[in-house]
Amino acid sequence: MRKLTIAEALREAIAEEMRRDEKVFCIGEDIGIEGGFGGAFTVTLGLSDEFGHERILDTPISELGTTGIAVGAALMGMRPIADLQYGDFIFLAMDQLINNATKLRYMSGGKLKVPMVMRIPVGASLRGAQHAQSVESYLVHAAGLKVVCPSTAYDAKGLLKTAVRDDNPVMVFEHKLLYGAKGRKEGMDARGEVPPEEYLIPFGVAKVVREGGDVTIVATLRMVYEAILAAEELKRASISVEIIDPRTLVPFDWETLFNSLKKTGRLVIVHEDNLTGGWGAEVAARVADEAIDLLDAPIKRVCSYDTPVPFSPPMENFWVPGRERIVKTVKELFSS
Amino acid sequence: MRKLTIAEALREAIAEEMRRDEKVFCIGEDIGIEGGFGGAFTVTLGLSDEFGHERILDTPISELGTTGIAVGAALMGMRPIADLQYGDFIFLAMDQLINNATKLRYMSGGKLKVPMVMRIPVGASLRGAQHAQSVESYLVHAAGLKVVCPSTAYDAKGLLKTAVRDDNPVMVFEHKLLYGAKGRKEGMDARGEVPPEEYLIPFGVAKVVREGGDVTIVATLRMVYEAILAAEELKRASISVEIIDPRTLVPFDWETLFNSLKKTGRLVIVHEDNLTGGWGAEVAARVADEAIDLLDAPIKRVCSYDTPVPFSPPMENFWVPGRERIVKTVKELFSS
Amino acid sequence: MIKIPGEKLIWMYKTMLKIRHFEDKIHRLFLEGNMPGTIHLYQGQEAVAAGVCANLERSDVITSTHRPHGHALAKGVAIKSLMAELFARSTGCCGGKGGSMHVGDPDVGMIPAIAIVGGGIPVATGIALAFKFQKSKRVAVSFFGDGACNEGSFHESLNMGAIWNLPVIYVCENNLYGASTSIRVAVKIRDLAERASSYGIPGVVVDGNEAISVYQATSKAVERARGGQGPTLIECKTYRRGGHSRSDACNYRDKEEEKMWLTRDPVVILRERLTKDGILTPEDSKQMEKEIEEELTQAIHFAENSPWPKPEEALEQVWA
Amino acid sequence: MIKIPGEKLIWMYKTMLKIRHFEDKIHRLFLEGNMPGTIHLYQGQEAVAAGVCANLERSDVITSTHRPHGHALAKGVAIKSLMAELFARSTGCCGGKGGSMHVGDPDVGMIPAIAIVGGGIPVATGIALAFKFQKSKRVAVSFFGDGACNEGSFHESLNMGAIWNLPVIYVCENNLYGASTSIRVAVKIRDLAERASSYGIPGVVVDGNEAISVYQATSKAVERARGGQGPTLIECKTYRRGGHSRSDACNYRDKEEEKMWLTRDPVVILRERLTKDGILTPEDSKQMEKEIEEELTQAIHFAENSPWPKPEEALEQVWA
Ligand SMILES: Cc1ncc(C[n+]2csc(CCOP(=O)(O)OP(=O)(O)O)c2C)c(N)n1
Ligand SMILES: Cc1ncc(C[n+]2csc(CCOP(=O)(O)OP(=O)(O)O)c2C)c(N)n1
Ligand SMILES: [Mg+2]
Ligand SMILES: [Mg+2]
């Protein structure tokens, strides 16, 4: 079957949805300029050729305003896909997301809806403290947003299409190092098979990336690949790892997780967002509430440290959770 | 000893610090206008008489700008105390807090510091969805901020003074229903004894509000009072409750919590911020990692629901975690 | 100058009267403890809501602020459902979920009011973008205060409304104060409408206590908007007759200034004008007031006898 | 017109030359894979950094953007420590924590560059507020691009700078594009300096490729600022000689426009002017270039031979 990068898969999802429904449009900085980049990561490259500049709408640099504009357009039945360029800029747009997008339906007594998508690139990639943050956890906490984190081209396409059709605000997180072809980092070939036929992936259905019986690792985005590398290494130490990629953080597929824990009794959560108050805490807390009896060991989290993202490669490498920290953490669970 | 409301205690703390150090100043909307309100909750009322309008600096309605101005002034050695009027407006200011206040020291290789305080009123008080949110958890997740949540007049004064002297950005959360004299809600007399002599309260030292042996409740702000009411009721059911008010969420006093769990083996976390991804998840996750052996029961959280804050009293009352839900949750821990 | 049809003038007058009586009543009910929460009243600014909305169709859409009752009444939100919302009942226009600061009704073209200062301006701009996409002739109107003009959202929105020629009208109700803060200390310019030039759109200043002036300016702006010529910023100079919220005694306002403005009552100004022009008789006005009072009495009765929302309803209507 | 002392002119020229050579070198090193991350280069805009900073004291403070190398060199950040930062070494001006987008050095009056578009404008305003509090004569300067003028932070900051008469200078480097987006589609006005009128402060347009014009305008603005008369917005019309970042080929730029601007090289313009005025000889210039090249070689040597930060240093310098 043909292989696509995540960027290509997302582009295809957008194009298909725009063809299907004329209410769908894209809005963002540098997304459709002739001779430009197609967004910071080429996702919308070429789309204005087919859909024109009205539906691939380039904006000034005004994140708060454009987010509010997306909200307003969605209220009137449009289906905006807003491109945030870098997740770090979400802090400029949060008022419109949290005070309006999540609340206008509620405040209207259920009369309105806000069917908008925001695409949010995250992850450290040697760009320093303000173009590197993983910001999923803030939006997991903001009640009323759905949160999507695809780690493969197949998932990216199917989940983005579902996001566009969802009647609620949906935040789609995309990892910068996963967009392109392979080779940016060891073990991270996010290029994958994508069938030419249309398909959708429902929210709230986790994927068991790898089956195993000794320990469950929950990971998203780039961390799925680090977990796979760790699992290979742990296999050599005779530890069998089950890897779950929840794919959507809101809604979260608790059933798949709890079923896995029934087998393994051990849980390690891995995310690139920083430790304290990250979404891994929520996963741990739910398990410690609803499934604590399944546990044979403490719940571990392998996350980035509670610091800004450092620039220099040795520090960034250390900061981003990786195979070694995962291996070490898992092994500790078996040594005590 | 004389009794003060929290508003009075905070006002006294600000005045003392401003007298002590001329680098301290207040900045915010409606804080010092002649004939005005002294901020939305009277905390700065009258202070411009003593300190003048330059040091009690009224601003236009520009949260992002004023927060950035506070950051800039702090970089040059001033010690701004920014008043946010309502916690809900934090979403406009987050870029300056998270992208600048927490990072400029780091990015400067340790040369700079950002000694600013932000005072942030939170809590539902019948004002509807956009003047009611508890937003502590967002800032707990933002690495590089200290997070303070005083529940009594004594703590409010001592902690705010410490905040002003801290060389880092400190977020001080104040609950709207606790500012005034008693009577706004049953059991909530936040008026308390405050010695006239100067004192400071260090960060990271929890307060055991009530000792008990069967279950540990961790709660902040208004929830401390709900926990006390619940404890009274549970006492009648022969359940002895220990209540811990961490007072600062960052840094967090894990030792006091773990020591309590050694006695009780049971943990219930109560906060008004909504459940998913709230700071309670972090507390649960840490315990499930570092102290899981101390647990005799699942970790429970009693939090507001994952919805916007509803306006109508029956709904708001239901939404805010209160004595009944706490009692019910604790009892469940003993019935299984 | 557009000639305003008689029935429009009467509609404006009646709308202003309705707002005035509504707000006066609410104020009393609030002080008597019948209503939970807080309120921001609109007395003194009636000419703005009425003068603007007289130009709008039901299908046009407005955004509003923490001070939304007047906009709601002028845009046609049913008085009963408005009253019930303030009484926090399930029959309220937001089902009791919104309260005073969030009243609205999408069915008549009012988004629930957005109480974050400036927060409605981008939303209205987005609504206008949808209208442009949909090739409809509808327009969006954003009401906001002088205080909102210093928010980033104002700046970003007006610029985008301008560059895309969106059918949106930005109505700044400059009542000279943002809460206790005088606009004179919040900006260094005389007229907020001057800011339109930063975006390359027309900015006009009108006497916001003169319904007819507001109408005229809006009429032109609506024509521009419907004609695809883009947005207009209209600054209406006006004044709150009362406090910012609840029991504010306005001690921060200059007493001379207050006196001057209070004599310029927009309801009286329009009444005198219409009477002079022979469009309205004192009897007509009396009759209107009577009808309004009756409607209000009924609305209060309706609200007071409406059920409270069930606590668990708090969990509904989050997700579509 | 202020008469500019000869040594200032020479300083400006040398600074511009230094920036040009530095950026050209960096570009090559980057393409050869010697530097991690991304870069935004400053060639073409040298007259702005030099013309502005020639008016500043070491104790004055600037904020900068994602395109900060020129500002850093002009404000006096040591070339070695700048180079080492780009090489991500522990001897870099940010200890390797910042990288290209965050270079700075508080010791010479440069806050680490803020790469959030518009994010430095409020910070500079706050710095100026501190200076006012401290009754010092220092001034703050915020450099930002044309794109930043559409951010809410621009609007809110200029307004507050204005109302409090702060000693801050807002320098907009209008290089006609924000990334790939032409300012012509991002705003509907001709000059961004027009926006100053929204805040009641002076706005001036200068040829940003003419160091002398930039100097003159800044000189006046600094005088105003130090004299307590408040901020100025200076729009410098200029042009990037290269791409927005890394290997951008600028296919979105009109080739005619590009050609026109590329002939207007700010380094050449100043060189010719100074030569004509007899302040500089071709030999002087050659000598300067030689010195700069030597300094650069040394800086690269220094950087390449500097240690990498230890991984665990990532955990330090979060808390004061
Ligand atoms: C973003 C934000 N900041 C502050 C407030 C608190 N607040 C509510 S109304 C108000 C004054 C608004 O002034 P203006 O825009 O002139 O409207 P007016 O009250 O005069 O109608 C303030 C500061 C708010 N609701 N939202
Ligand atoms: C808030 C924010 N939005 C978007 C970006 C991504 N970005 C980086 S540079 C740039 C263009 C900036 O244009 P301008 O302000 O004109 O500066 P120039 O690059 O031309 O120097 C953009 C969109 C960013 N860094 N910050
Ligand atoms: Mg006002
Ligand atoms: Mg530019």
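Proteins come first, then strands; the chains are lettered A, B, ... in the order of their sequence lines, and each starts at number 1. Computed from a predicted structure; not experimentally measured.
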In chain order, what residues pass the side chain to side chain donor-acceptor pair (under 3.5 Å) check against Q130(B), with sequence neighbours excluded?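 If we apply the side chain to side chain donor-acceptor pair (under 3.5 Å) test to Q130(B), skipping adjacent residues, the hits are N100(A).
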
Counting heavy-atom pairs closer than 4.5 Å to chain B, which one of [options] comes out on top?
options	value
F91(A), Y305(A), F311(A)	F91(A)
P308(A), P310(A), G277(A)	P308(A)
V287(A), V140(A), V309(A), I98(A)	I98(A)
L92(A), N99(A), I292(A)	N99(A)

Report which part of [X] has an atom under 4.5 Å of a heavy atom belonging to chain A: side chain, backbone, both, or neither.
X	value
T102(B)	backbone
E290(B)	neither
Y106(B)	side chain
A142(B)	both
V283(B)	neither

Do you know which two heavy atoms are closest between A129(B) and M107(A), and how far apart they sit?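 Of all heavy-atom pairs spanning A129(B) and M107(A), the closest is CB-SD, 3.8 Å.
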
Taking all non-hydrogen atoms of both residues, which atom of A281(B) and which atom of A285(A) are closest, and how far apart?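 Nearest heavy atoms, A281(B) then A285(A): CA-CB, 3.8 Å.
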
Using the test salt bridge (charged side-chain N to carboxylate O under 4.0 Å, His left out), find all partners of K113(B) that sit at least two apart in sequence or belong to another chain.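 Salt bridge (charged side-chain N to carboxylate O under 4.0 Å, His left out) check on K113(B) returns D167(B).
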
CG/L139(B) to OH/Y138(A) distance, rounded to the nearest 0.5 angstrom?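 L139(B) atom CG to Y138(A) atom OH measures 7.5 Å (nearest 0.5 Å).
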
Part of [X] within contact of chain B (heavy atom distance under 4.5 Å):
X	value
V135(A)	neither
E63(A)	neither
L275(A)	both

Chain B contact residues among residues 246-255 of chain A, heavy-atom distance under 4.5 Å: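 If one takes a 4.5 Å heavy-atom cut-off, no residue of residues 246-255 of chain A lies near chain B.
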
Contact winner vs chain A - G280(B), G278(B), A297(B), A291(B), heavy-atom pairs under 4.5 Å: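 Option with the greatest count: G278(B).
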
Flag the one option from I90(B), I269(B), D273(B), L267(B) with the top tally of heavy-atom pairs under 4.5 Å to chain A.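 Of I90(B), I269(B), D273(B), L267(B), D273(B) has the most heavy-atom pairs under 4.5 Å with chain A.
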
Within a strict 4.5 Å, meaning less than it, do heavy atoms of the R286(A) and I299(B) side chains meet?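 No, too far: nothing below the 4.5 Å cut-off.
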
Is any side-chain heavy atom of M94(B) closer than 4.5 Å to a side-chain heavy atom of D95(A)?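 Side chain of M94(B) against side chain of D95(A), heavy atoms only: no contact under 4.5 Å found.
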
Looking at R301(A) and D289(B), is there a salt bridge between them, counting it only when a charged N and a carboxylate O are closer than 4.0 Å?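 Salt bridge: no.
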
Qualifying residue for side-chain contact (heavy atoms from CB on, under 4.5 Å) with H141(A), from D306(B), T276(B), N274(B):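 Going through D306(B), T276(B), N274(B) one by one, the side-chain contact (heavy atoms from CB on, under 4.5 Å) with H141(A) is satisfied by N274(B) alone.
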
Using the ring-ring contact (aromatic ring centres under 6.0 Å, His included) rule, collect all pairs that involve residues 270-297 of chain A, keeping only residues at least two apart or in two chains.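 Qualifying pairs, neighbours excluded: H271(A)-W279(A).
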
